[in-house]
Amino acid sequence: MFNPSLERKAIAVLSGNDGCAIARSAEAKALGVQMGEPAFKLRHYVEKNGLILMSSNFTLYGDLSSRVMSVLATFSPGISVYSIDEAFLDLDGLPLGDMTPWCQEVRATVLRWTGIPISVGVAPTKTLAKLANRMAKRSPRTGGCLDLSGHPEWLQRALKQTPVGDVWGIGRQFAGHCGVAGIRTAWDLTQASDGWVKKAMGAVGLRTVMELRGTAVHALEDGPADKQTTCVSRSFGEAVEDFGQVRDAVVSFATRAAQKIRRDGLVAGGIQAFAHTDRFRQDQPQHILSGTLRFATPTSSTPAIIAAATRLLEANREDGYGYKKAGILLFELVRPEDVPRDLFSSAKDPRPEALMKAVDGLTDRMGRAVIGFGLPAKDAPWRAKSEHRSPNWTTQWEDIPVVKA
DNA sequence: TCTGGGGTCCTAGGACCC
DNA sequence: TCTGGGGTCCTAGGACCC
């Protein structure tokens, strides 16, 4: 959108630390760039075929995502955002019949107002809507929109054209079980017996099959449920032997995790901190360090979470390894009003909360780098690589594009 | 040299209860 | 010889999703 010269080019977006391909343009797929392929294996495409590699920029993607979602929300009061690039809309109550013109309007509006092309699939269940969407995206004839509701013969043809492994809820293992049983397409799976499905893929698989048969079992939720866990982990730009550096990294991850749960209005009942060596370097000694503790009182206070994380790390400290990744996990997340009262402590100390409120206020107004607990050096060796990063076109004043008169 | 990050749900087995 | 019936909770591991 911001760099039209990239249109129609072979381009892949890399994971964190510029590790491997996590998104590919159609042209990159045509070259043979695989999902999850390590970046160093893509170099020959870059040199021979002009493949363009970009670092991921989730701040930018998140902002554009929320713009798209807010446009979608104008089309149906029942919207459930499923991921950064997908949402389900409840069409109950909308005029029945051919939904295609309506879908075209949704698509055209999102494109016009945000610059993002989307595809739309309509069907009686979420699993079938995902299947319809996939066909709409792949087949130019559909113009990006496919309505499989009220067209039994189209639905059957779509099911027969969809490989079973491309069905939502069928991953590698389940697809393998299906293959052994001679089940190749989504249609084949609808014909399998409940007993076989339950045995091979459990209750989850059975729900997928019900949805393929047209019985909705995945309801459209009103709002997203509260998170149960929040994890912040990163691979390091290079292996780190200085344990102090590992600790610095974990402190910054703890800071970030605390921010995240405060933003979600939650407190954590416990924390796990971990660090491990490079699992791909089997020629080097491997080590996984990990520790868990529960807070006496659930908290979202950055100093409390940092203190716990560093305590766990030091308690499980092992020197002499090259650490390549570390992180922390906050679990037993609950809303503060749901935390049971502590029988033995009297008045709650109001100061940590007030402090975090002040820090969050400053961060919101002036950015994350302005105030913090032990701000790490910008050039710390554990900082992830991000060598092909796009600007934050929509969220940083200095990156906002300027239109020339 | 170089290989991501962040989630959910289910299941089986063990420990416990009356 | 013979040894009940009905539960809950927790955990680790495995499946899936984006």
Side-chain angles (χ1 to χ4, degrees), chain A residues 12-24 33-44 46 53-59 61-62 65 69 80-88 126-127 130 133-134 164-178 197-209 211 217-218 221 224-239 249 253 256-257 260-261 264 266 269-270 272 274 276-284 290 292 294 322 324-333 382 384-388:
Chain A
V13 177
L14 301 175
S15 65
N17 210 26
D18 290 343
C20 56
I22 57 166
R24 303 153 294 155
V33 177
Q34 297 298 308
M35 184 69 177
E37 202 170 353
F40 68 87
K41 290 189 181 169
L42 298 175
R43 200 165 307 133
H44 70 279
V46 174
L53 297 178
M54 298 295 292
S55 304
S56 46
N57 182 345
F58 278 92
T59 306
Y61 310 153
S65 170
M69 299 310 174
S80 156
V81 175
Y82 176 63
S83 74
I84 198 164
D85 69 346
E86 284 175 293
F88 292 101
K126 284 185 168 182
T127 305
K130 292 260 293 179
N133 188 297
R134 174 180 169 278
V164 71
D166 288 343
V167 172
W168 187 41
I170 306 295
R172 259 226 293 271
Q173 287 295 319
F174 289 0
H177 294 148
C178 287
V197 174
K198 179 86 199 321
K199 197 156 171 242
M201 307 189 285
V204 190
L206 198 50
R207 283 203 279 270
T208 293
V209 173
E211 287 244 322
V217 290
H218 297 306
E221 307 83 12
D226 283 341
K227 274 200 191 49
Q228 302 170 29
T229 62
T230 283
C231 178
V232 175
S233 72
R234 293 286 180 279
S235 293
F236 298 154
E238 53 191 74
F253 303 157
R256 184 81 192 101
K260 282 166 85 170
I261 64 168
D264 292 341
L266 301 169
Q272 178 184 31
F274 60 89
H276 59 75
T277 47
D278 189 344
R279 65 197 168 100
F280 294 102
R281 295 295 301 270
Q282 290 299 325
D283 56 320
Q284 294 182 352
S290 164
T292 296
R294 283 183 158 74
K324 193 68 197 329
K325 179 172 175 168
I328 75 148
L329 177 74
L330 298 176
F331 56 88
E332 281 173 22
L333 300 183
W382 48 268
K385 277 182 282 189
S386 186
E387 289 172 358
H388 317 278

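These figures come from a predicted structure and were not determined experimentally. Keep in mind that the numbers below use all heavy atoms, side chains included, and drop hydrogens, waters and symmetry copies.
Listed nucleotides: B:dC2, B:dT3, B:dG6. Nearest to the side chain of A:Arg281: B:dC2. With B:dG4, B:dT3, B:dT11 as the choices, the nucleotide that has an atom nearest any side-chain atom of A:Lys324 turns out to be B:dT3. Here the nucleotide nearest the side chain of A:Trp168, chosen from C:dC17, B:dG4, C:dA15, is C:dC17. In this structure, the nucleotide among C:dC18, B:dT11, B:dG5 sitting nearest to the side chain of A:Ala203 is B:dT11. Comparing atom distances between the A:Asp278 side chain and each of C:dC16, B:dG6, B:dT3 picks out B:dT3 as nearest. Distance from the side chain of A:Lys260 is smallest for B:dG7 among the nucleotides B:dG7, C:dC18, B:dG4.
Looking at heavy-atom distances under 4.0 Å, A:Glu37 makes no contact with the nucleic acid at all. Using a 4.0 Å heavy-atom cutoff across all strands shown, A:Ile170 reaches sugar-phosphate atoms only and no base atom. Residue-level contact check: A:Gln228 touches the backbone only, with heavy atoms under 4.0 Å from sugar-phosphate atoms and none from bases. Contact annotation for A:Tyr82: backbone-only contact, meaning every heavy-atom pair under 4.0 Å involves sugar-phosphate atoms and none involves a base. Within the 4.0 angstrom heavy-atom criterion, no nucleotide atom of any strand lies near A:Ala39. Contacts of A:Val167 with the nucleic acid, taken as non-hydrogen atoms under 4.0 Å apart, involve only primed sugar atoms and P, OP1 or OP2. Note on A:Lys325: only backbone sugar-phosphate atoms sit closer than 4.0 angstrom, heavy atoms only; bases stay farther off. Residue contacts for A:Thr229: at a heavy-atom cut-off of 4.0 Å it reaches the sugar-phosphate backbone alone, with no base atom in range. Among the heavy atoms of the strands lying under 4.0 Å from A:Lys227 are primed sugar atoms or P, OP1, OP2 only; no base atom is included. Using a 4.0 Å heavy-atom cutoff across all strands shown, A:Arg43 reaches at least one base atom of the nucleic acid. When heavy atoms are screened at a 4.0 angstrom cut-off, A:Asp85 is found touching the sugar-phosphate backbone but no base atom.
The backbone N or O of A:Ser290 lies less than 3.5 Å from no partner atom in the side chain of A:Gln272, so there is not a single donor-acceptor pair.
Using cut-offs of 30° and 60° for the angle between ring planes, the A:Trp168 and A:Phe88 rings count as tilted.
A:Glu86 places its CD atom 20 Å from the P atom of B:dG6, with the value rounded to the nearest Å.
To the nearest 0.5 Å, atom NZ of residue A:Lys130 and atom CZ of residue A:Arg134 are 11.0 Å apart. Taking OG of A:Ser233 as the start and CD1 of A:Ile328 as the end, the distance is 10.0 Å to the nearest 0.5 Å.
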